[in-house]
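What follows is a single structure, written as C-alpha cells, with notes after it.
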Amino acid sequence: MNVLVVGAGAMGRWFAESIPADLAFADAKPRVAEDAARAVGGRAVALDTDETFDAVCLAVPIPAVAEAIVDHAPKAERAIIDVTGVMATPLDAMDEHAPTLERVSLHPLFGADTAPGNVAVVTDESGSVTDTLLAAIDSRGNTLVETTAAEHDDAMTTVQAGTHAAILAFALSANSVPEGLRTPVYDELSALADHVTDGESRVYADIQASFDGATDVANAAERLADADPAEFERLYREAAKLRDGQTDQGSETEVDE
C-alpha cells in the first residue's frame, strides 16, 4: 500500500509512523516534507504532485482541511483520511469530493509526543484499506473510540476549547507565588498551564475558532466573580453536583438553601 501524507508536521508524522505503507510526504514547506521523509522513512513529493496513491491522509491545520480535500482527493485511488481534530467539516468535504472512496476521520486525543492514547474514529465509508490502517493504529497501543462527527465536535467544545480557555485564563491571571505558599491544587493547575503553554499557539487558536469553548468559561467565571457569599456557595454546590453527574451539564440547577 502506498500512502500520501499531506502535512508533514507532528500529527502527519504520527500517522505515518503508525501504519505499514510506502510513504510519501507533501507539505506547503518542502523542507518539512523532506525532514519527515528522512525521519520516518519514505520520500518527499511536491504539494501539487499529479501522482496517485492508494490512500491520502490530510494532516493540515483545521482551517485548511476543506480546501485540502478538494485539492488532494483526486490523488486518492481507494481511501481518504484526515487527522485534523475537527470531524464534521472534513467528512462533509470528503462526501462531496471523494464519494466513491473509503472515508475516515481520525482525531488522536493526545500530542504526538505522548502517544499512544485514545483515537476518536468516524468511519463514513469503510473498506479494506481503512480497515488495515485502523488495525495498524490499534496495534500500536492506541484505543480506537468509535463516535459520530456531531458527538465528537460537541465534546471538543468542552474537552479542548473550554479546557484550554480555563487553563490559559489561569495562566494569564495568576500572580507569582513563593514556593512555600503553594497548595496542591495550585501546583496541579500550574503544571497544566505549563503543559498547555508549551504547545503551538496557532493550533490552540484554531481549536478556539472551531469550537468556541471560551464563551461558556468566561460566563461561568463572571457568575463567580459577581456572586455574593451565598450565591457563591450555591454555585459551588452546583458545580459539585455537576461533577458527580447528578444534573445535566450546563443546567441552571437550583439548590435549596
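What you are looking at is a predicted structure, and each value in this text was computed from that prediction instead of being measured.
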Any idea which heavy atoms bring T147 and M87 closest together, and the distance? CG2-SD, 4.4 Å

Nearest heavy-atom approach of F53 to A24 is CE2-CB, 3.7 Å

Ion pair check, D35 and R38, cut-off under 4.0 Å: yes

Verify side chain to side chain contact (heavy atoms under 4.5 Å, CB included) between D124 and M94, making sure each step is shown before the conclusion. CA-CA 9 Å; D124 200 29; M94 290 179 197; 5.6 Å; no

H152 NE2 to T157 OG1 distance, which is reported to the nearest 0.5 Å: 10.0 Å

Can you tell me how far CG of D138 sits from OG1 of T143, rounded to the nearest 0.5 angstrom? 7.5 Å

Might you point out which heavy atoms bring N142 and G117 nearest each other, and give the distance in Å? OD1-N, 3.0 Å

Any idea which heavy atoms bring P90 and I69 closest together, and the distance? O-CD1, 3.4 Å

In Å and rounded to the nearest 0.5 Å, what is the CD1 to OG1 distance from I80 to T100? 10.5 Å

Any salt bridge between R43 and E51, counting N to O under 4.0 Å? yes

Determine whether a donor-acceptor pair (N or O, by modelled atom type, separation under 3.5 Å) exists between the side chain of T123 and the backbone of S126. no

Would the number of heavy atoms belonging to other residues, nucleotides or ligands and lying under 6.0 Å from CD of E67 be above 12? no

Backbone N or O of N2 within a donor-acceptor pair of the D54 side chain at under 3.5 Å? yes

R223/E238 salt bridge by N-O under 4.0 Å criterion: yes

Give a yes or no answer on whether the side chain of T130 reaches the backbone of G127 with a donor-acceptor pair at less than 3.5 Å. yes

Less than 4.5 Å apart, any side-chain heavy atom of V86 and any of D153? yes

Side-chain donor/acceptor of H164 to backbone N/O of Q160, under 3.5 Å: yes

To the nearest 0.5 Å, tell me how far L91 CG sits from R103 CZ. 8.5 Å

On a heavy-atom basis, the closest approach of V122 and T148 is CG2-C, 3.6 Å

Salt bridge or not for R234 and E231, using N-O below 4.0 Å? yes

Is it true that D206 and R202 have a side-chain N and a carboxylate O under 4.0 angstrom from each other? yes

Would L192 and V217 show up in the same hydrophobic cluster when neighbours are defined by side-chain heavy atoms closer than 4.5 Å? no

Interatomic distance, CG@L224 vs CZ@F232, rounded to 0.5 Å, equals 5.5 Å

Enclosure of Y186 OH (heavy-atom neighbours >12, cutoff 6.0 Å): yes

When clusters are formed from ILVMFWY side-chain contacts under 4.5 Å, directly or step by step, what else is grouped with M11? M1, V3, V5, W14, F15, I19, L23, F25, V40, I81, V83, V104, L106, F110, V119, V121, V129, L133, L134, I137, L144

Suppose the criterion is ring pair (Phe, Tyr, Trp, His ring centres under 6.0 Å): which pairs have a residue in residues 73-98, not counting sequence neighbours? none

Test salt bridge (charged side-chain N to carboxylate O under 4.0 Å, His left out) on E233 and R237; report intermediate values, then the result. CA-CA 6 Å; E233 286 192 58; R237 292 195 296 270; 3.7 Å; yes

Which heavy atom of P20 sits nearest to which heavy atom of A136, and what is that distance? CD-CB, 3.4 Å

Take D212 and T215 through the test side-chain hydrogen bond (donor to acceptor under 3.5 Å, both in side chains) and record every step on the way to the result. CA-CA 6 Å; D212 186 25; T215 301; 3.0 Å; yes

Looking at residues at least two apart in the chain, or sitting in another chain, which of them share a salt bridge (Lys or Arg N to Asp or Glu O under 4.0 Å) with D92? none

How long is the gap from CD on E102 to OG on S128, to the nearest 0.5 Å? 5.0 Å

Should V196 and F170 be counted in the same cluster of Ile, Leu, Val, Met, Phe, Trp and Tyr side chains packed under 4.5 Å apart? yes

